[in-house]
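See structure below.
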Amino acid sequence: MSNLGIPATAPTRIRDLTDEAFRAAYGCDRFTASVIVNRLKYAVGHMSTAFLREAFSPIIRDWYDFACTISGPPEQDYRTAVVSNSLTPFLGTMPDAVRNTVEEFGPTGLAPGDVLICNDPYRGGTHVNDVLFTRPVFVDGRIVSFVSMRAHQLDMGGTVPGGFSATKRDVYENGVVIPPVLLWSKDQPVRSTFSLIFDNTRWGAMLLPDFKSIHQQLQLGERLVRENIERYGPDAHLGALAYACDTSAELMREAVARVPDGDYTGAARIDADGMDDTVDYTVHVTLRKRDHDIEADLSGTSAQARTCINCGISDAKTALGVALTMLLDPAIPFTSGTWRHLDLVAPPGTLLTALPPQGAPMMFWEASGALIAAVFDALNPVLGENAVGGDYGSTNTHNANGVRQDGTPWTSATQCGGEHGPWGATKAGDGDSYTVLFNLNNLDPATETIEHDSPVVMLRKEHAIDTGGPGAHRGGAANLKDTLWLTDADHYLSPFRTREPSGVGAGGGQAGPTGAMWIFPPREGTDGPAGLVATAPDVYADSIPVAGVLDPETKSLDPVNGTYHHFASRKTWRTRAGAVLRCLTNGGGGWGSPFARDPEKVLADVRDEYVSIDGAARDYGVVVLGDPHFDPERLRIDMEATTALRRARNRG
Amino acid sequence: MSEESRTTNRPLPVERHPMQGTCPRCAAEELRGYPVNSEGGWFDVVKCQSCLLSVSRDRGPRLGPIRLLSDLL
Ligand SMILES: [Zn+2]
């Protein structure tokens, strides 16, 4: 039915094709196709490992904030067939980014050894810090593939050093926009492009060696693709790319078909933008499922935000693919084919489909992450035991800078807020307590490197008690992080989902509680706190609340009657040397009824201080006796009291 | 601020234009035209609103609703 070279729905499953039919479709036998795809996965893995080893930028080296892909030539509509094991927001948007970048530049203008770059979110998703680098692979004068990387640059200009902030109001404040332009031409650096970047960004001395390393990895990727073609021929190479995409499309088609036909709606909310706290933002999705197709309609989603918390259509499409992969079949390979049976319908100019120049995207994964939450909200009720609890909802991003006593500037990005936290529980077990959001997939920087790179001491990095959403399987515990800042500092803080739980329950499980952020100023006349700040509710009275729904007097969490504190009520949170920043993430959602949880598991949770003795009785109906802190080995369950309590709860 | 005094930024709708004809698969007289984003980016489609069959599917503008001034060069 298509006139665009996009394969129609295969009448026969790929695995049911005869050997002859397979060869006719994919230019090689099925074993060769599998071997080539796996060799390409090795190629992107090798590129990634090499870049991780060589990179100077902490966000590359310690966060894995980059991705590698291999995609087809223009005749295959640049379809992305193989991706590295890394950030889904990159992997999902890179198909559009490569196609839009090469098409605008003009594929006939490319030569062997070229590296084309683009960082425009509207042309290719994510934000200006994420630069796409794509390199054509030529065989006999013809493009047979593109090897591509996208890597986060620690700075891309704009009004906020490092970029991570919700306060920027348009694309001009956001940072430098690079249209499709050559960074290397026939493997010679294009000086004017390098200068354009270095003249408009901070910390160019860190960016330059990373750019050189990226050039090396693209050359490596090209070499590995060419070796495949020398060994198996160009037809087999191109056929294997098509086979990889068709496999994803077929598996997603079958996964979608297993969902009952119907219209399912879901929503999620972001607390506020970086302007003030008078406006919140709703992400609304209607999933219309018929046979093996899904149309996702974003009608009802709020108009784009006044500051840079928006994302673009490619990010929204990526989030849709991630959510459906996670819920319907996590084994589906992530390729362009993931979206073959998914149509995204979206009004222009929403939080998820922002338009230039006012709808700036910087904190894009927060908006697209809310779409993942909305898809979970829509489908969980019909998925039965396959429903999944929600995650911590926001990376609660921290970004700070200052000057050391010797006058050297420092910056710390995405390390000392609530960037990592819990997932919800599933049918398989309890939610993980310390990972990244559903739509991210990367590393946690080591405490030693954080303290080495910035004048900061990591005082706490721990699971908070009673924060996993109760369930037969418990949601992951919220993360509590305290950092002591040794110099004066300017902080930009971005916790976006503290007004209502993001870690929603699934299948009778309960939500994890909301989190918050506080600053503890140094005591008068000193350069630090009197000691480690405790975690009891009575420690917050002298704090400066940054975010969260808090009791007006005690400033401790009070999600029912408390007052919301806006993360950008100060555009910049300026602290004196000795201040402590505390970030508490939201908790993960539980799965299944908590009163069906095995009491032995509740006992183990009390032993490990995931759950308090009071929490065990209140949330699980399990009566635990003993002292978990000072005498953990002698903790025990009062079975009689537990049976009575659970019976009373079931009646209630 | 109190939870009562805030508002949600206004929701936006998608426009779907009614089209003549019936669906060749399910015979519903509910064909509508609108842009979608899928594998391969933007498409202008005419789809049956009952069974979601795409009656036609043509490549849309590269950046959807966003037009570049440079395109006028
Ligand atoms: Zn129909």
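Chain A is the first sequence line, chain B the second, and so forth, proteins listed ahead of strands; every chain is numbered from 1. The figures here come from the full heavy-atom set of this structure, side chains too, leaving out hydrogens, waters and symmetry mates.
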Note, [X] side chain near [Y] side chain (heavy atom, < 4.5 Å):
X	Y	value
Leu298(A)	Val14(B)	no
Asp343(A)	Asn37(B)	no
Arg123(A)	Ile66(B)	no

Checking heavy atoms, do the side chain of [X], its backbone, both or neither come under 4.5 Å from chain B?
X	result
Ile313(A)	side chain
Ala346(A)	backbone
Gln304(A)	backbone
Pro348(A)	both
Thr282(A)	both

Roughly how far, to the nearest 0.5 Å, is the [atom2] atom of [Y] from the [atom1] atom of [X]?
X	Y	atom1	atom2	value
Arg290(A)	Cys48(B)	CZ	SG	9.0 Å
Tyr281(A)	Thr8(B)	OH	OG1	10.0 Å
Asp120(A)	Leu68(B)	CG	CG	8.0 Å
Glu295(A)	Leu52(B)	CD	CG	5.5 Å

Query raised in the report: Where do Asp77(A) and Arg59(B) come nearest, in terms of heavy atoms and distance?
Result: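 Looks like OD1-NH2, 2.8 Å.
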
Check whether [X] gets within reach of chain A through its side chain, its backbone, both or neither, counting any heavy atom under 4.5 Å.
X	value
Pro35(B)	backbone
Leu12(B)	both
Ser70(B)	neither

Pairing of [X] and [Y] as salt bridge, 4.0 angstrom limit:
X	Y	answer
Arg99(A)	Glu39(B)	no
Arg62(B)	Asp96(A)	no
Asp293(A)	Lys47(B)	no

Check: [X] side chain, [Y] main-chain N or O, donor-acceptor pair, under 3.5 Å:
X	Y	value
Ser38(B)	Trp339(A)	yes
Arg288(A)	Gln49(B)	yes
Ser299(A)	Pro13(B)	no
Thr7(B)	Val279(A)	no
Asn9(B)	Ser302(A)	no

Query raised in the report: Does CG in Leu72(B) sit with more than 12 non-hydrogen atoms of other residues, nucleotides or ligands closer than 6.0 Å?
Result: yes

**Report entry** Partner chain B: residue of Asp291(A), Asp297(A), Asp273(A) with the largest heavy-atom pair count (under 4.5 Å)
**Finding:**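 So the answer, after comparing Asp291(A), Asp297(A), Asp273(A), is Asp297(A).
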
